[in-house]
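Right, one structure below, let's go through it.
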Amino acid sequence: MEQIQIVDITNEKPGGFALCGYKNPATQGYQKKMEWIRERLLEGLRYKALYSEKEGAVGSIEYIPGENAWRP
């Protein structure tokens, strides 16, 4: 049976997982998205990646407390 796990992305454990369509950590888009995430993590952002042993990153969700949300 395939192992699937939910991985918390934090500033201490940034991951290396696909982020919002960016799969290659060497690309400029991935690096910019990770920089944005690191800044938002300080504001309470939570970013979770769904990781499959077979397929790699297969999904993610990000959310932030309402008082720091830019759009309800």
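Scanning all heavy atoms of the two residues, the minimum distance from Leu41 to Ile9 falls at CD2-O, 3.7 Å. Minimum heavy-atom separation, Ile6 to Leu50: CG1-CD1, 4.1 Å. Taking each heavy atom of Trp36 and Leu45 in turn, the nearest pair found is CZ3-CD2, 4.3 Å. The shortest heavy-atom contact between Ala69 and Ile64 is CA-CG2, 3.8 Å.
With Arg46 contributing its side chain and Gly44 its backbone, the two residues share a donor-acceptor pair below 3.5 Å.
Arg40 and Glu43 are joined by a salt bridge, as a carboxylate oxygen and a charged side-chain nitrogen come within less than 4.0 angstrom of each other.
Under a cut-off of 6.0 angstrom, the local environment of CD1 in Ile4 is crowded, with over 12 non-hydrogen atoms contributed by other residues, nucleotides or ligands.
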